[in-house]
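When a ligand or atom number is given, it counts from 1 through the structure's own listing order. Just so you know, these numbers come straight off a predicted model, no measurement behind them. In what follows, every heavy atom counts, from backbone to side chain, and hydrogens, waters and symmetry copies are set aside.
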Amino acid sequence: MKKRKILLDCDPGHDDAIAIMLAGRHPGLELMGITVEAGNQTLEKTGRNALNVVQYLDLDVEVALGSSRPLVRELQIAEDIHGESGLDGFEFPDLERDFSDKHAVTFLIDILRQSEEKITIVTTGPMTNVALAMRLEPKIIENIEEVVLMGGSYGYGNVSPAAEFNILVDPEAAHIVFTSGLKVSMMGLDVTRKVLALPSVVKRMEAIGNKASRMFADLMNAFNENQRKVYGFEGGPLHDPVTIAYLVAPDMLTMKHVHCDIDLSHGVSYGRTNCDVFDYLKQEKNAYVATDIDAERFWELIEQGLKRYDDLE
Ligand code: RIB
Ligand code: CA
């Protein structure tokens, strides 16, 4: 099967870590690189977390550090959900790997410019690095197949009534991507809240009994404890891996082509993804928005993904 080339831009983050796990060994994907920015925690922590995950899972992929703050806003982190380290709940072995010597923006531009084939950009954090790359070298647009993001919602938000975290951290960056003219596929809270890492799910994955499943269980237990405290959820929405599910099994998601504006008004709805789901304004459609997900198939995908690490010592 021909592998789809992807670049993953993230802010690990518990759910980012699971997205890395799922993408790292999926037979249908070629993970060309990982870029990191500040988001769930400061860049120093999200960067270290990304490197820890790829080292622990023995993934042969470079990690490049990117932006330590959004384009315009001051950095807003999510320590209440991801903890002081940004990846609380699991003890990684001492870090021996190092980062790419390139800044994430240069890393993205170089890989995109040198690739013979188009590459899909997957973002599971604020879109700062990708937006900066598009502005620094607009020619990369012609070598991007699609942008698949975890972010936004056509319903309500999770860090304000109107806005979802990845978009609200850097609304201006999201605006640059959503107005790039590229195919943008948005996995928003509307579907990620349908895949909750309930205790029964954690138990199911822990029973696999390998290194990856132990990491999954420990991370999800910590993630769920904070989700319970903040939202009263029994299990946390496993947001970021939905982007990978969309890539490897697109029929698992139901998508709707809409016009979507990012609210930059600095009012109470700042950072909202305003999706015109009923096409009231008859504007040009610029985004595919996920409206439903087959949750049973999603958890099967996660289970298969974890089992691919059975050989890990
Ligand atoms: O709103 C959820 C998103 O924000 C997820 O990507 C989570 O990791 C945080 O980045
Ligand atoms: Ca994330």
Side-chain angles (χ1 to χ4, degrees), residues 7-23 34-43 45-50 52-53 63 66-70 73 75-83 85-90 104 121-130 147-171 173-174 177 185-197 216 219-220 222-224 226-227 230-231 233 235-246 262 270-273 289-290 293:
L7 283 162
L8 175 60
D9 184 69
C10 56
D11 64 336
H14 291 70
D15 49 334
D16 304 76
I18 309 307
I20 292 170
M21 177 284 295
L22 192 55
I34 294 175
T35 50
V36 190
E37 66 261 294
N40 283 321
Q41 258 296 356
T42 59
L43 177 65
K45 295 177 179 179
T46 55
R48 184 196 60 218
N49 294 339
N52 266 324
V53 172
V63 177
S67 191
S68 60
R69 56 153 300 162
R73 293 190 69 215
L75 178 60
Q76 168 184 352
I77 62 174
E79 187 159 321
D80 56 343
I81 298 295
H82 299 276
S85 71
L87 204 53
D88 280 12
F90 186 75
I121 301 277
V122 181
T123 68
T124 62
M127 305 176 96
T128 316
N129 288 334
V130 173
V147 177
V148 182
L149 70 132
M150 191 280 138
S153 68
Y154 61 81
Y156 54 92
N158 62 353
V159 279
S160 80
E164 177 278 329
F165 180 81
N166 285 337
I167 308 296
L168 183 57
V169 168
D170 201 338
V177 176
S185 299
M186 180 179 118
M187 310 301 132
L189 298 174
D190 319 284
V191 293
T192 64
R193 282 175 172 147
K194 294 183 177 180
V195 286
L196 303 179
F216 179 93
L219 287 179
M220 288 301 104
F223 183 61
N224 285 344
N226 290 332
Q227 292 277 344
V230 176
Y231 300 107
F233 290 160
L238 198 53
H239 304 288
D240 294 337
V242 175
T243 57
I244 310 303
Y246 166 80
I262 310 298
Y270 186 34
R272 176 172 175 70
T273 47
V289 172
I293 185 169

Side chains of Val195 and Val242 in contact at under 4.5 Å (non-hydrogen atoms) = yes

Validation row: His82, Asp15 side chains within 4.5 angstrom (heavy atoms) | yes

Can you name the closest pair of heavy atoms from Thr42 and Ile77 and give their distance?
-> N-CG2, 4.1 Å

Can you tell me, to 10 degrees, how wide the angle at the Ca ion (ligand 2) is between OD2 on Asp240 and O on Thr124?
-> 90°

Please work out whether any backbone atom (N, CA, C, O) or any side-chain heavy atom from C-beta onward of Val159 is under 4.0 Å from ligand 1, and answer side chain, backbone, both or neither.
-> neither

Just let me know how Asp16 lines up against ligand 1, side chain, backbone, both or neither, with a heavy-atom cut-off below 4.0 Å.
-> side chain

When you measure from the side chain of Asp9 to the backbone N and O of Ile121, does any donor-acceptor pair fall under 3.5 Å?
-> no

Where is the nearest protein heavy atom to atom 5 (C) of ligand 1: which residue, which atom, and how far?
-> Asp15 OD2, 3.2 Å

Which atoms of ligand 1 have any heavy atom of Asn40 under 4.0 Å away?
-> 7 (C), 8 (O), 9 (C), 10 (O)

Does the side chain of Glu164 come within less than 4.5 Å of Thr273's, by heavy atoms?
-> no

Between Asp170 and Pro70, is there a donor-acceptor pair closer than 3.5 Å when you use the side chain of the first and the backbone of the second?
-> no

So with a 6.0 Å cut-off around OH of Tyr231, is the heavy-atom count from everything else above 12?
-> yes

Which angle, to the nearest 10 degrees, do you find at the Ca ion (ligand 2) between OD1 in Asp11 and OD2 in Asp16?
-> 70°

Would one find an N or O of His239, backbone or side chain, under 3.5 Å from an N or O of ligand 1?
-> no

Nearest-neighbour protein heavy atom for atom 6 (O) of ligand 1, which is reported as residue plus atom name and distance | Asp240 OD1, 2.5 Å

Nearest protein heavy atom with distance in Å, relative to atom 2 (C) of ligand 1 | Glu164 OE2, 3.3 Å

Paired with Glu37, the side-chain hydrogen bond (donor to acceptor under 3.5 Å, both in side chains) test is passed by just one of Thr46, Asn129, Thr128, namely Asn129

Element-labelled atoms of ligand 1 that are located less than 4.0 Å from some non-hydrogen atom of Met150 = 2 (C), 3 (C), 5 (C), 6 (O)

A student checking ligand 1 against Phe165 at a 4.0 Å heavy-atom cut-off should list atoms 1 (O), 4 (O), 9 (C), 10 (O)

Atoms of ligand 1 under 4.0 Å from any heavy atom of Thr124, numbered from 1 in the order shown, are 6 (O), 10 (O)

Just wondering, do Val36 and Pro12 contact through their side chains at under 4.5 Å, heavy atoms?
-> yes

Protein contact to atom 10 (O) of ligand 1 [nearest heavy atom, distance to 0.1 Å] = Asn166 OD1, 2.8 Å

